[in-house]
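Reminder, nothing fancy here: chain letters follow the sequence lines and each chain counts from 1.
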Number of protein chains: 2
Amino acid sequence: MAKRAKPTIDAVEILHRRFYEGKPARLKNLEEARANEEIARKIHELRTAANLTQTQLARLIETTASVICRLEDADYEGHSLAMLRRIAGALNQRVEIRFVPIRRSA
Amino acid sequence: MAKRAKPTIDAVEILHRRFYEGKPARLKNLEEARANEEIARKIHELRTAANLTQTQLARLIETTASVICRLEDADYEGHSLAMLRRIAGALNQRVEIRFVPIRRSA
DNA sequence: TTGCGCTTTCGCAACATTGCGAATAGACTG
DNA sequence: CAGTCTATTCGCAATGTTGCGAAAGCGCAA
């Protein structure tokens, strides 16, 4: 994921401006999507860091590999506290939840 | 909730030693219960800080007061990310989730 | 090529959370 | 006391998440 140096045109930025800027509803969805993606990535990270396959982690929390796979899918929108806690517990972690203020951009 | 100064016997501590110490399963439940309680309290805090009644907050996230009441009940165990996000959104906050390592006590 | 381990996708039943109204309780005011 | 506002509890239908097996994809080594 190397950063390109000063592209003449940044397509991502253009798309952002076109579709998201100044559109709260869309921005909200975008943020949620990013949050879910981050959770998925984090689960994957924790699992691989612990040197476990999906099947092995699945056994630890008494479910199946397909469930773990679903959780690691960046497009999955059904993350629940209950499941995050089960995974955290199996990996000697705990889930910390915080509400942090959002700064309203102009 | 003033702290009592050096009680001769601390009942809470005694109970803790008797029922929880060195019993991982019970400790886990205890931790979960505390986490839920904390979430409930946090929601209550955010709502009152924003000067809203349960009914008002309920309208903001398009539900009813009884639902908010349930969320603020310390004994409620069904907290979900989806709901936490809705509330956070209505109050200009976002939900941050982190996995933090647990230190194994001896 | 085959075989093996790991991951991904699909469908549906089972279980958990939310939606919501109605009834009750508590605090406060007039 | 009645009247009002707020919070709480209950039950059940509607929606959402999880459980789980089966099948298929992928990478890699023999």
| field | Exam field: side chain A/Thr48 to backbone A/Asn51, donor-acceptor pair closer than 3.5 Å | value | no
| If you count the non-hydrogen atoms of other residues, nucleotides and ligands that lie under 6.0 Å from CD in B/Glu38, is the total more than 12? | no
| Ion pair B/Arg47/B/Glu72, N-O distance below 4.0 Å | yes
| Within 6.0 Å of CD in A/Glu77, more than 12 heavy atoms from elsewhere | no
| field | D/dG21 base / A/Ser66 side chain donor-acceptor hit below 3.5 Å | value | yes
| said: Tell me whether B/Glu45 at atom CD has more than 12 heavy atoms from other residues, nucleotides or ligands lying less than 6.0 Å away. | reply: yes
| request: Whole angstrom is fine here: how far is it from CD1 in B/Ile43 over to P in D/dT8? | output: 13 Å
| Between D/dT18 (C1') and A/Leu84 (CG): distance, integer Å | 13 Å
| query | Separation of B/Leu57 atom CG from D/dT8 atom P, in whole Å? | reply | 13 Å
| query | With a 4.5 Å heavy-atom cut-off, do B/Arg98 and A/Arg98 have their side chains touching? | reply | yes
| request: Would you indicate what A/Thr64 reaches in the nucleic acid, counting non-hydrogen atoms under 4.0 angstrom: base, sugar-phosphate, or nothing? | output: base
| query | Please give, in whole Å, the distance from D/dT18 C1' to A/Arg85 CZ? | reply | 17 Å
| For DNA chain D, whose closest nucleotide is more 5', that of B/Arg70 or that of B/Gln56? | B/Gln56
| query | Starting at the 5' end of DNA chain C and moving along, which residue's nearest nucleotide shows up first, B/Leu71 or A/Leu52? | reply | A/Leu52
| Spacing between A/Tyr76 atom OH and D/dG19 atom C1', to the nearest angstrom | 11 Å
| query | Should the pair A/Glu37-A/Arg34 be classified as a salt bridge under the 4.0 Å nitrogen-to-oxygen rule? | reply | no
| note | Double-helix bend of the helix from C/dT1-D/dA30 to C/dG30-D/dC1, axes at both ends from 5 pairs, round to 10°, gives 30°
| When all nucleic acid strands are considered with a 4.0 Å heavy-atom cut-off, which category describes A/Thr53: base, sugar-phosphate, or nothing? | sugar-phosphate
| field | Whole-Å distance separating the CD1 atom of B/Ile68 from the P atom of D/dT9 | value | 15 Å
| said: Side chain of B/Arg47 only, heavy atoms from C-beta on: which candidate in D/dT9, D/dA7, D/dT18 is closest? | reply: D/dA7
| Is there a side-chain polar atom (N or O) of A/Ser80 under 4.0 Å from OP1 or OP2 of D/dT18? | yes
| chain B on DNA chain C: first and last contacting nucleotide, 5' to 3', under 4.0 Å to a heavy atom? | C/dT17 to C/dG21
| Qualifying ring-ring contact (aromatic ring centres under 6.0 Å, His included) pairs, either residue in residues 36-76 of chain A, two or more places apart | A/Tyr76-A/His79
| field | CZ on B/Arg86 to CG on B/Leu57, rounded to 0.5 Å | value | 10.0 Å
| task | Find the distance B/His44:NE2 to D/dT6:C1' and express it as a whole number of Å. | result | 12 Å
| query | Starting at CG of B/Asp75 and ending at P of D/dC10, how long is that distance when rounded to a whole Å? | reply | 12 Å
| query | Applying the side-chain contact (heavy atoms from CB on, under 4.5 Å) test to A/Ile61, which of A/Ile68, A/Leu91, A/Val67 qualifies? | reply | A/Ile68
